[in-house]
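Below you'll find the structure, written out as structure tokens, and then a few comments.
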Amino acid sequence: MFPEFHSENLPKKESAILEKMESNKSFIQTLLKLDKPTFQNFAKPYQRIQTELGDLVTEISHLNSVKNNDESQTIYSRLLPKLSEYYTDLGQNEDIFSTLLKIQSLETNLNQEASKVLENEIRDFRLSGVSLNSETKNALKEIRIRQSDLSNQFSQNVLNATNAFALYLSEADVVGLPESEKISAKQEDGTYKFTLHFPSYIAYMTYGENREIRKKLYDGYCTRAPENGKLMEEILELRDKEAKLLGFPTFSHLSLATKVADTPEQVIEFLDHLALKAKPIALQELNEIKNFAKKLGHNDLEPWDLTYYSEKLKKESFSYDEEIYRPYLEKETVISGTFQFLEKLLGIQFQQVNTPVWEPSVLCYNLVVEGEIRSRLYLDLEVRTEKKGGAWMHNWKPHFQDETGKTELPVAFVVASFPKATSTQPSLLRPSDVVTLFHELGHALHHLLSRVKEAFVSGVNGVEWDAVEFPSQFLENFAYEPKVLELFAKHYQTKEAIPNSYIETMVKAKNFMSAMGVVRQLEFAKFDMLIHKEKPNESRVQEILDQVRKEVCVVFPPAYNKFQNSFTHIFAGGYAAGYYSYKWAELLSANAYYSFVDRGVFDLEHAAHFRRTVLEKGGSASAMDLFRDFYGKDPEIDALLRLNGIAA
């Protein structure tokens with residue numbers, strides 16, 4: 001039913017990928033010779049062969065992430081340019097494109113899933129410039145090569161500037177810092193090194209008592225890579241050219257072609273509406289911090305003081321410390337309790353199975369719905385030296401039905417870097433680890449519960465980029481629900497349930513100063529959308545940023561702050577004219593979450609409705625249409641405000 005995952009013989013896996021690319025090319029030529037191409041005889045096998053290649057690539061990329069070594073790095077690096085060339089050639093193949101157009105025009109009675117496959121494929125071919133003349137294609141290719149180079153330079157300049165800065169401090173300068181932060185910063189000569197790398201930077205900005213040192217770090221952080229001003233100018237100009245070559249009025253419009261939001265104006269209206277609600281609360285929060293700082297004898301609060309006094313106020317208000325929760329969040333108990341929660345919430349079950357895994361600590365489960373095995377989940381949650389940091393969901397195989405009618409079942413991996421058990425203590429998680437687990441399981445369930453028969457729009461495949469976080473954000477919110485925590489939050493030694501006061505503190509602390517965080521995100525998102533609606537030069541970029549700050553901000557940085565020169569998310573990280581997506585997906589997830597909470601959390605009839613309308617449909621329809629099928633109407637901003645602790 002499910003293939004086994006074998007972690008050995010990487011060279012054999014590499015050969016299989018190279019052979020598959022060549023056999024796919026030959027098979028596509030055979031498909032293109034069909035007298036009467038149809039969805040069944042052309043698009044079905046086309047999806048199958050591309051999915052088979054993707055499955056093979058996933059095996060190597062997954063192992064490179066979880067069992068990283070010289071061999072995996074070498075083989076994966078060797079494959080990347082060959083895969084890039086394969087997919088570039090595919091996206092420019094006019095014969096495949098014209099065949100798909102022909103099928104779309106002739107087969108008008110296709111079901112929704114098949115129609116969505118054709119719609120997405122034809123759109124993506126057009127965005128690759130397939131229908132342009134050869135001169136324009138070449139111009140587009142040159143623009144994209146130059147953009148890639150500029151983005152890499154932008155990112156490298158930020159990294160170089162970050163690496164070039166360091167402060168070496170004495171024992172007296174690190175008063176107030178937690179012992180763990182001091183250990184991280186301590187050098188062999190007894191000094192303490194602080195840099196602009198975020199963990200180091202934020203540690204001192206949060207706990208460092210020396211205000212002058214906080215200002216030095218702040219100044220260094222917000223003036224990094226001044227040379228990026230000119231790179232940014234050229235990047236924005238090239239993006240505008242690319243959009244116009246592809247027939248879009250601006251790059252903002254081009255970016256939204258593959259997203260849920262329809263127009264830049266719709267996005268800006270959404271951001272402005274949220275700002276209208278959040279800004280007054282953010283001003284109140286800022287005044288709270290200012291008044292608190294005054295009580296401590298500091299009247300002139302500056303940007304480099306905010307994080308420091310905010311942390312002090314949080315501790316005084318809530319006595320919140322993640323460390324006190326860890327004895328109640330033992331990893332094995334959390335996993336079994338999480339599965340109990342998902343059974344109560346969604347009516348799904350997890351049955352552990354023995355199968356080959358890449359590491360002894362990896363666990364494997366079949367996901368069962370109404371007595372039927374629907375998919376398989378691997379959990380790899382413990383930190384290891386050969387495993388990349390962070391957490392993610394990696395989809396290995398999608399649910400689909402091939403041209404012969406054979407059904408393939410989905411498989412996914414959830415990977416995290418939770419504390420490893422020692423000889424004296426089991427793995428004890430923090431509340432933030434539980435949130436991470438729920439988040440990644442949300443992604444996994446979106447993939448594993450799919451009933452879609454077309455591979456390209458099954459599970460997380462084909463889901464719009466600004467909605468793919470919807471199921472993961474939805475699920476993570478339950479990590480703060482008392483009814484959920486009582487299923488697994490028990491002391492690992494005494495088995496005593498977590499005190500209600502701890503839960504109340506955690507929930508209150510979650511939304512501490514949240515409105516200030518919201519308006520900060522709105523500043524980034526609106527600035528991003530507006531600069532991509534034109535092709536501004538360096539000084540115009542600053543004008544746009546200044547105007548956005550007047551509209552949404554409550555904290556105004558000094559004029560020398562050039563945050564835009566290190567905004568790698570949009571200039572080197574794929575978020576261009578898309579930074580709004582964080583809040584957009586959160587809007588959907590907040591409405592869905594409260595629809596459960598307001599029914600008492602556990603309502604299997606409502607859960608089955610959510611499963612059928614959202615989780616089982618994958619990318620087979622617009623995420624907003626699927627949301628409306630579930631919710632019965634458009635999402636309401638009040639739920640998002642409620643989630644962030646902001647009164648509507």
Side-chain angles (χ1 to χ4, degrees), residues 120 123 248 250-279 282 393 439 442-443 446 460-477 511 514-515 517-533 548 551-552 567 569-570 573-595 610 613-615 617-619 621-646 648:
N120 286 4
R123 175 202 69 198
F248 292 89
T250 71
F251 186 83
S252 288
H253 292 84
L254 169 57
S255 174
L256 295 182
T258 55
K259 297 180 175 73
V260 172
D262 294 319
T263 64
E265 291 70 30
Q266 184 189 13
V267 172
I268 289 165
E269 185 183 350
F270 163 67
L271 298 172
D272 284 345
H273 189 178
L274 195 49
L276 194 67
K277 300 285 188 180
K279 189 174 179 180
M393 187 282 290
H439 181 97
H443 281 307
H446 196 194
V460 295
N461 294 338
V463 178
E464 296 99 330
W465 190 77
D466 52 354
V468 79
E469 296 292 333
F470 164 29
S472 55
Q473 290 178 340
F474 161 76
L475 200 65
E476 76 172 56
N477 291 323
N511 283 326
S514 61
V518 169
V519 296
R520 184 83 168 124
Q521 289 298 303
L522 297 178
E523 173 195 339
F524 297 163
K526 189 169 183 181
F527 166 71
D528 166 44
M529 191 56 70
L530 289 177
I531 61 170
H532 286 104
K533 280 189 74 185
V548 168
E551 292 167 7
V552 304
F567 197 3
H569 271 78
I570 68 168
Y575 279 81
Y579 196 88
Y580 74 92
S581 298
Y582 286 112
K583 285 296 169 200
W584 191 273
E586 198 180 328
L587 174 69
L588 304 180
S589 67
N591 280 268
Y593 166 63
Y594 284 118
S595 76
F610 181 65
T613 52
V614 176
L615 298 177
K617 291 292 181 75
S622 157
M624 194 57 83
D625 289 342
L626 295 179
F627 177 85
R628 289 188 196 105
D629 288 346
F630 161 67
Y631 200 62
K633 56 184 177 179
D634 283 344
E636 296 156 309
I637 206 161
D638 288 358
L640 178 56
L641 297 170
R642 180 180 169 189
L643 188 70
N644 284 281
I646 299 169

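Reckoned from all heavy atoms, side chains included, excluding hydrogens, waters and symmetry mates.
Without hydrogens or angle criteria, S581 side chain to W465 main chain gives no donor-acceptor distance under 3.5 Å. Put simply, the side chain of S252 never gets that close to the backbone of P264: no donor and acceptor are under 3.5 Å apart. Using modelled atom types, no side-chain atom of K277 and backbone atom of D638 make a donor-acceptor pair closer than 3.5 Å. Between the side chain of S514 and the backbone N or O of N644 there is at least one donor-acceptor pair closer than 3.5 Å.
Remark: K533 pairs with E265 by the salt bridge (charged side-chain N to carboxylate O under 4.0 Å, His left out) rule, at least two apart or across chains.
In this structure the side chain of V463 reaches within 4.5 angstrom of the side chain of H446, judged on heavy atoms.
One finds the NE2 atom of H253 at 6.5 Å from the OG1 atom of T263 (value rounded to the nearest 0.5 Å). If you take CG on L643 and CG on N591, they are separated by 10.0 Å, rounding to the nearest 0.5 Å. For the atom pair F627 CZ and K617 NZ, the distance stands at 15.0 Å (nearest 0.5 Å). Here M624 contributes atom CE and D629 contributes atom CG; the two are 12.0 Å apart, rounded to the nearest 0.5 Å. In this structure, the separation between NZ on K583 and CD1 on I637 is 10.0 Å, given to the nearest 0.5 Å. One finds the OG atom of S595 at 3.5 Å from the CZ atom of F630 (value rounded to the nearest 0.5 Å).
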Check against side-chain hydrogen bond (donor to acceptor under 3.5 Å, both in side chains), Y575 and D528: CA-CA 9 Å; Y575 279 81; D528 166 44; over 6 Å; no

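Residue S255 comes nearest to G578 through the heavy atom pair OG-N, 4.3 Å, listed as atom of the first residue, atom of the second, then distance. Smallest separation of non-hydrogen atoms from L522 and L274: CD2-CD2, 3.7 Å. A pairwise comparison of heavy atoms in E551 and K526 identifies OE1-NZ, 2.5 Å as the closest pair.
Taking the six-membered ring for Trp and thresholds of 30 and 60 degrees, F567 and F527 have nearly parallel ring planes, at less than 30 degrees apart.
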Please tabulate, one pair per line, all N/O donor-acceptor pairs under 3.5 Å involving side-chain atoms of residues 466-476, not counting sequence neighbours.
residue, atom, partner, partner atom, Å
D466, OD1, V260, N, 2.7
D466, OD2, V260, N, 3.1
D466, OD2, A261, N, 3.3
D466, OD2, Y580, OH, 2.5
E469, OE1, H439, NE2, 3.0
E469, OE1, H443, NE2, 3.2
E469, OE1, S472, OG, 3.0
S472, OG, H439, NE2, 3.4
S472, OG, H443, NE2, 3.2
S472, OG, E469, O, 2.9
Q473, OE1, E586, N, 2.9
Q473, OE1, S589, OG, 3.4
E476, OE1, H439, ND1, 2.6

